[in-house]
Structures are given as C-alpha cells and as structure tokens.
Amino acid sequence: MMEQLRETAAFLKEKTGMQPEIGIILGSGLGGLVDEIRISHALAYGDIPNFLSSTVEGHAGKLIFGELGGKQVVAMQGRFHYYEGYPMQKVSFPVRIMKLLGIHTLLLSNAAGGLNPAFEVGDLMIIRDHINMFPENPLRGPNVEELGPRFPEMSETYSRSLIGKAKRIAEENRIRFQTGVYVGSPGPTLETPAEYRMFRILGADSTGMSTVPEVIVARHAGIRCFGISVITNLTDPSEMEKPTTHEEVQNVAGKAAKKMTVIFKKLIQEM
Ligand code: HPA
C-alpha cells in the first residue's frame with residue numbers, strides 16, 4: 001500500500017505543483033463549496049493512479065486543487081463509500097494521499113438522518129464525536145508505523161478548538177446549528193424505525209454511511225478533523241410518516257450547503 005500511496009502522491013505533486021495545507025471531503029449534494037475555491041486543477045478520479053471512480057449519483061468524483069480562504073486546499077467532490085463494495089483501505093485511501101501531500105487539517109461533510117428530536121430538516125450539526133458501527137475498522141491489519149501508531153488515541157477525534165471556532169462563526173453569521181454525535185453505519189439500506197431508535201438510545205444525534213472511516217485514518221495520521229452533518233431527513237417515527245419529495249431534499253441540501261460553505265470558508269480563513 002505504501003508503494004501505491006507514494007506513486008499517487010508523486011503523480012499529484014508533479015501534476016499540480018500544489019502543497020495543500022487543508023483537505024476537504026464533500027458529501028452527497030454538498031459539492032457547492034467547490035464554487036468558492038479558486039481552482040487550479042480539477043482531476044477526475046478515473047485519471048488518478050490507484051484511485052477508484054465514485055459510483056454514486058450526486059457525487060461528481062473530482063479531486064480539486066486550489067485556493068480557499070487564502071490557503072491552498074485539496075477537496076474531494078464526491079467520496080468513496082463502504083457500501084459501494086470498496087475495502088476500508090480504499091475508502092480511506094484519499095485521506096492518506098492528502099496526508100502525504102502535506103495537509104494538517106481535514107474538514108468533512110455528510111448528508112445524514114437526524115436522530116435527535118430537536119433537529120429540523122436543513123439543520124447543520126457540528127460533529128462533536130462519533131460512533132463506529134461499520135463492521136470493520138480501516139486500521140485493521142498490520143500497522144504501517146510510518147503512517148501512524150498501532151493504537152491511535154481517540155479522546156479528541158474532532159478538534160475542540162475548531163468546534164469552538166465554528167460555533168462562533170455560525171453565531172456571527174446567524175446560522176442555526178446543532179452539535180452532536182454522528183453514528184456511521186455501512187448502509188446501503190437506510191435504517192428501520194427500530195434501528196433509528198437503537199442509534200438514539202446509543203447516544204447518537206445523526207446517522208449516515210460515511211465519515212467515520214476517513215476520520216479514523218486521519219486521526220491515525222495525526223490530522224486534525226472537523227465535520228458537519230447536514231440533516232436531510234428526520235427519523236422520528238411520526239416524521240417518517242410524512243413523505244419527502246426528492247425536490248424538497250435537493251432544495252434543503254442546496255440551502256444547507258450554502259450555510260456549511262460559510263462555516264468552512266471562514267474556518268479556513270482563520271487558520
Ligand atoms: N440514514 C443513513 N444515512 C443517511 C440518512 C439516514 O437516515 N440520511 C442521509 N444519509
């Protein structure tokens with residue numbers, strides 16, 4: 001794997017000449033942030049050695065290099081999911097590439113179901129912590145000491161300092177936000193009402209099918225993480241009776257992406 005990582009990182013360095021400080025991973029329907037980046041290179045995943053092409057609709061599948069908030073950034077427009085059939089090492093491969101390119105901070109976003117009954121559709125939830133419900137850990141197997149320690153410490157998985165800054169930025173810009181725990185599970189099925197209830201009992205506020213593998217690999221590599229869930233649907237049994245149209249969801253995601261973009265951009269400006 002180190003060989004593949006080195007090959008891909010060398011290819012990207014040579015191709016872009018960029019030294020990004022910050023990595024960004026954009027979730028389903030949340031690619032709008034890319035419009036704010038002064039793009040110098042946009043590479044289709046299929047054109048990058050050892051990368052996989054993203055198979056999900058609403059995921060563009062491009063690695064973007066450019067400038068945002070005065071910093072060099074590398075952004076994934078579309079990510080790889082475990083449910084697509086990729087092994088965990090592949091799902092999290094781009095995070096390791098970002099590390100080799102030099103990032104110190106990773107900002108992630110995801111579309112998620114809202115488990116907390118106080119949440120509304122379109123809310124942003126700043127991720128305070130996560131629960132890993134994937135059947136596998138991306139660090140399972142022989143540890144590559146060069147990448148990080150055998151037993152990574154997870155007490156501050158999401159940077160308290162970035163969470164604090166993001167809350168202040170949201171307040172200053174009158175953006176409604178929640179804070180909570182994200183539970184990542186394999187999908188591709190959404191949860192049954194009983195499963196949603198179980199996740200709530202376990203202490204989670206939002207649920208989705210991504211983020212956790214990427215964050216685990218990032219923390220292993222000592223990368224500082226910050227994440228936001230965009231609440232696209234509510235999971236309370238009474239709410240689940242109301243049909244949600246695709247149009248509504250798109251609309252909500254689009255609007256929420258704008259709010260999320262403000263937070264990401266200003267957070268980067270302040271780094
Ligand atoms: N469950 C899992 N993943 C999701 C959901 C959900 O309710 N909404 C958006 N992604």
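Both counts, for ligands and for their atoms, begin at 1 and track the order of listing. Only a predicted model underlies this, so the values are computations on that prediction, with no experimental measurement involved.
In this structure, a donor-acceptor pair under 3.5 Å is present between the side chains of Arg224 and Thr105. Between the side chains of Glu7 and Asn50, at least one donor-acceptor pair of N or O atoms lies under 3.5 Å. Between the side chains of Gln72 and Ser40, no donor N or O sits under 3.5 Å from an acceptor N or O. For the residue pair Glu171 and Asn173, no side-chain donor N or O sits within less than 3.5 Å of a side-chain acceptor on the partner.
Counting heavy atoms under 4.0 Å from ligand 1, residue Ser185 does not touch it at all. By the criterion of a heavy-atom distance under 4.0 Å, neither the backbone nor the side chain of Asn110 is placed next to ligand 1.
Annotation: side chain of Thr207 is not in contact with side chain of Tyr182 (no heavy-atom distance under 4.5 Å).
Proximity to Met209 (heavy-atom distance under 4.0 Å) selects the following atoms of ligand 1: 2 (C), 3 (N). Short contacts between ligand 1 and Asn233, defined as distances under 4.0 Å to a heavy atom of the residue, involve ligand atoms 5 (C), 6 (C), 7 (O), 8 (N), 9 (C). Proximity to Leu190 (heavy-atom distance under 4.0 Å) selects the following atoms of ligand 1: 1 (N), 5 (C), 6 (C), 7 (O).
In terms of polar-atom proximity, defined here as any N/O pair under 3.5 Å, Glu191 does make such a contact with ligand 1.
Nearest residue to atom 10 (N) of ligand 1 from Ala111, Gly27, Pro186 is Ala111 (criterion: closest heavy atom).
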